[in-house]
Amino acid sequence: LFGQRMFELPKVVLLSSVVVVMVLAWAVKTLETASHSLGGAWRRFLAWPLVLPALCLALIYIIATFTSVAPAISFWGLYERVQGAVSILTYLTLFLMVAFHLRTRAQFHRLVNVFLLASFGISVYGIMQHFGVDPVTWSSDSTDRVIGTMGNPIFFSAYLLMVVPLTVARLLNTVRPMLKREGGARWQ
């Protein structure tokens, strides 16, 4: 709140720190279970459809950063958005860690629950901004274009658009059994 960049930099630093801890925990787990077939696990991991493209994208970012005209900017990103190779590689590492460890349907449902719970708080905050009940004083008017907790209306709407299909699917999965019970009771 009291800094110049209250959105991007703190989020990138927090996410990078969490991903580093995840990678370290995974490395410790891997070293402890090194007697098991690690090669088989890597072959299954690389066989998943989006893993190879993600690894190729990471390699492209690394090559582009080292061959850039401005390597420091390519590495860290611009001052405003902080979306350089470090951020992109952090996102890709998070994706790969989730892809490697997401194995059961229960884990997938827990992940969806986290997305939905996070979107609830973000949506309520966006509604508060729209109606002018925002507890934070922004430098720009957030009632015309709601910025939520993303710092940018485009980022806010993009996040919500990604969560809408999950919300609709969860709603249908919750309502469908109730409708079947109700409909079945009417016809009996």
(request) Indicate yes or no: at least one non-hydrogen side-chain atom of V82 is less than 4.5 angstrom from one of V13. (result) no
(request) Measure the shortest side-chain to side-chain distance between Y125 and P135 over non-hydrogen atoms and say whether it is less than 4.5 angstrom. (result) yes
(request) Would you mind reporting whether I147 and F155 have side-chain heavy atoms less than 4.5 Å apart? (result) no
(message) Could you check whether atom CD1 of I73 has more than 12 heavy atoms from other residues, nucleotides or ligands sitting under 6.0 Å from it?
(response) no
(message) Would you say that T90 contacts V12 through its side chain, given a criterion of any heavy-atom pair below 4.5 Å between the two side chains?
(response) no
(message) Any non-hydrogen side-chain atom of V19 less than 4.5 Å from a side-chain atom of Y91?
(response) no
(message) Donor-acceptor pair, distance only, cut-off 3.5 Å: does the side chain of Q83 make one with the backbone of G77?
(response) no
(request) Quickly, which of I88, V20, V23 forms a side chain to side chain contact (heavy atoms under 4.5 Å, CB included) with T93? Name it, please. (result) V23
(message) Is there a side-chain contact between V163 and Y159 in this structure, where contact means two heavy atoms from C-beta onward sitting under 4.5 Å apart?
(response) yes
(message) For a quick test of reading the model, state the closest non-hydrogen atom pair linking S16 to V86 and the distance between them.
(response) OG-CG1, 4.5 Å
(request) Please collect all side-chain hydrogen bond (donor to acceptor under 3.5 Å, both in side chains) contacts where either partner lies in residues 53-71, sequence neighbours excluded, each pair once. (result) S68-S74
(request) Without swapping roles, check the side chain of S157 against the backbone of I154 for a donor-acceptor pair under 3.5 Å. (result) yes
(request) Supply the atom-to-atom distance I62 CD1 to F75 CZ, rounded to the nearest 0.5 angstrom. (result) 9.5 Å
(message) For a 4.5 angstrom cut-off between non-hydrogen side-chain atoms, does R170 reach N113?
(response) yes
(request) Report yes or no: does H101 contribute a side-chain atom to a donor-acceptor pair with the main-chain N or O of M97 at less than 3.5 Å? (result) yes
(message) Less than 4.5 Å apart, side chain to side chain, heavy atoms only: is that true for H130 and V146?
(response) yes
